[in-house]
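Counting begins at 1 with the first residue of the sequence.
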Amino acid sequence: MKKTKIIIPAIGMLLLSTAASITGTVAWFSMNTTVAATGMTIKAKGDQVFLQIVDGSGTVETGTFFDGQNQITASASNAQTSLAAANVVGGLGTDEDDKQTIVDYNRTNVVWVTNHSVNPGSAGPSGDYTEISEVSLPYYALINTFKIRLDPLAGDVNAPDPLKVTSVAFGAGTPSDEPMRNAVSVLVESTEGAVTHYQLFKQNNSGLAADVVYTGGFLEIAGPGKLTTSEFSDHSVNGTTVKVYVFFDGDNKSAYTSNITPNGYTVELTFSVDYY
């Protein structure tokens with residue numbers, strides 16, 4: 001009987017002790033299904049090339065680049081003038097007999113020259129060519145300056161190709177049936193460091209008989225040229241300066257006094273950094 005009384009309380013205490021131990025370790029585990037990251041800012045960035053052009057001698061409004069603006073056309077400051085005939089060649093010299101020699105234009109050097117005819121009713125030089133000085137050049141060519149760059153806001157500041165003139169055409173309203181129209185020519189110049197690039201455009205009937213019917217279009221003399229050495233990447237505030245000279249080619253067979261008219265000829269140029 002005594003052994004029974006002793007064993008029963010011992011079992012009871014063991015059960016109570018175990019129960020107390022379990023109660024002391026039970027708790028809810030932490031749970032979270034969401035996290036947050038803060039402090040980030042994003043800005044939209046384009047990946048395209050966007051060419052801009054402004055008047056190189058214009059006012060703040062017409063001659064300043066603005067990021068993100070649609071500056072895809074620019075009007076010439078020098079819109080019109082009356083010109084004497086001229087031409088561009090690669091250089092002038094003399095041979096061993098002291099006769100004048102002429103180096104054909106070849107895109108590496110440009111010399112402006114003039115001459116005259118003895119007959120107002122026919123074309124053709126009557127003597128030696130005379131070099132035109134820089135001071136006198138505005139009497140022979142309509143000169144305009146433009147600035148071109150890539151819009152840095154567009155994202156891509158490296159074009160796939162050099163800058164170049166890809167099209168020269170007459171503007172709307174230009175007379176289509178006048179012989180002197182055939183003599184209209186365009187020289188484009190760009191200086192890149194110590195290197196000057198040229199592109200010369202003349203009518204596709206230059207040098208042919210005066211009675212050849214004008215068929216439209218300009219052709220680049222000496223083959224496709226360019227206005228920068230490599231891929232165009234100018235996105236500066238100043239851009240790349242390009243000069244455009246419009247003149248009457250005195251060596252064109254249509255260029256003689258009797259063909260002169262008071263009408264004007266509008267010329268439009270297209271610049272590009274990507275061949276189509």
Anything under 3.5 Å between a donor and an acceptor, one on a side chain of residues 89-99, the other on a protein residue two or more places apart or in another chain? List them.
residue, atom, partner, partner atom, Å
Asp95, OD1, Asp97, N, 2.9
Asp95, OD1, Asp98, N, 3.1
Asp95, OD1, Lys99, N, 2.8

Minimum heavy-atom distance [X]-[Y], with the two atoms named:
| X | Y | answer |
| --- | --- | --- |
| Gly68 | Leu153 | CA-CD2, 3.7 Å |
| Ser77 | Ser57 | OG-OG, 3.4 Å |
| Leu150 | Ser233 | CD1-CA, 4.1 Å |
| Ala86 | Ile132 | CB-CD1, 3.8 Å |
| Lys164 | Lys226 | CB-CA, 4.0 Å |
| Thr174 | Gly264 | CG2-O, 4.5 Å |

Side-chain ([X]) to main-chain ([Y]) donor-acceptor, under 3.5 angstrom:
| X | Y | answer |
| --- | --- | --- |
| Asn115 | Gly127 | yes |
| Glu131 | Val111 | no |
| Arg107 | Ala222 | yes |
| Glu231 | Asn158 | no |

Considering only heavy atoms from C-beta outward, does the side chain of [X] approach that of [Y] to under 4.5 Å?
| X | Y | answer |
| --- | --- | --- |
| Asn87 | Lys202 | yes |
| Leu227 | Thr240 | no |
| Tyr245 | Leu137 | yes |
| Asp251 | Pro125 | yes |
| Thr228 | Glu192 | yes |
| Val113 | Thr130 | no |

[X]: partners by side-chain contact (heavy atoms from CB on, under 4.5 Å), with sequence neighbours left out:
| X | result |
| --- | --- |
| Ile53 | Ala74, Phe146, Ile148, Phe271 |
| Ser117 | Asn119, Ser122 |
| Gln71 | Gln52, Val54, Phe65, Phe66, Gln69 |
| Thr191 | Glu189, Thr196 |

Answer with yes or no whether the hydrophobic clustering places [X] together with [Y]; edges join I, L, V, M, F, W, Y residues whose side-chain heavy atoms lie under 4.5 Å apart.
| X | Y | answer |
| --- | --- | --- |
| Leu200 | Val244 | no |
| Val186 | Leu83 | yes |
| Val110 | Leu269 | no |
| Ile143 | Tyr140 | yes |
| Ile221 | Val184 | no |

Run the side chain to side chain donor-acceptor pair (under 3.5 Å) test against [X] and tell me which residues pass, sequence neighbours left out.
| X | value |
| --- | --- |
| Asn106 | Thr108 |
| Ser236 | Asp234 |
| Thr241 | none |

task: Please determine, by modelled atom types, if Ser254 and Asn182 share a side-chain donor-acceptor pair under 3.5 angstrom.
output: yes
Give, for atom [atom1] of [X] and atom [atom2] of [Y], the distance between the pair rounded to the nearest 0.5 Å.
| X | Y | atom1 | atom2 | value |
| --- | --- | --- | --- | --- |
| Ser230 | Leu163 | OG | CG | 11.5 Å |
| Lys243 | Tyr198 | NZ | OH | 9.5 Å |
| Phe248 | Met180 | CZ | CE | 4.5 Å |
| Leu142 | Thr81 | CG | OG1 | 6.5 Å |
| Thr145 | Asp55 | OG1 | CG | 8.0 Å |

- line: Quick note, salt bridge (Lys or Arg N to Asp or Glu O under 4.0 Å) partners involving residues 64-84, not counting sequence neighbours, are Asp67-Arg149
statement: So salt bridge (Lys or Arg N to Asp or Glu O under 4.0 Å) across residues 72-90, not counting sequence neighbours, yields none
- request: Report the relative orientation of the aromatic rings in Phe170 and Phe218; use parallel for angles under 30°, tilted for 30 to 60°, perpendicular for over 60°.
  value: tilted
message: With side-chain hydrogen bond (donor to acceptor under 3.5 Å, both in side chains) as the criterion, how do His197 and Ser190 come out once you've worked through the C-alpha distance, each side chain's angles and the decisive distance to 0.1 Å?
response: CA-CA 5 Å; His197 303 276; Ser190 174; over 6 Å; no
statement: With sequence neighbours left out, the residues meeting ring-ring contact (aromatic ring centres under 6.0 Å, His included) with Phe247 are Trp112
message: Checking Asp128 now: which residues fulfil salt bridge (Lys or Arg N to Asp or Glu O under 4.0 Å) with it, not counting sequence neighbours?
response: none
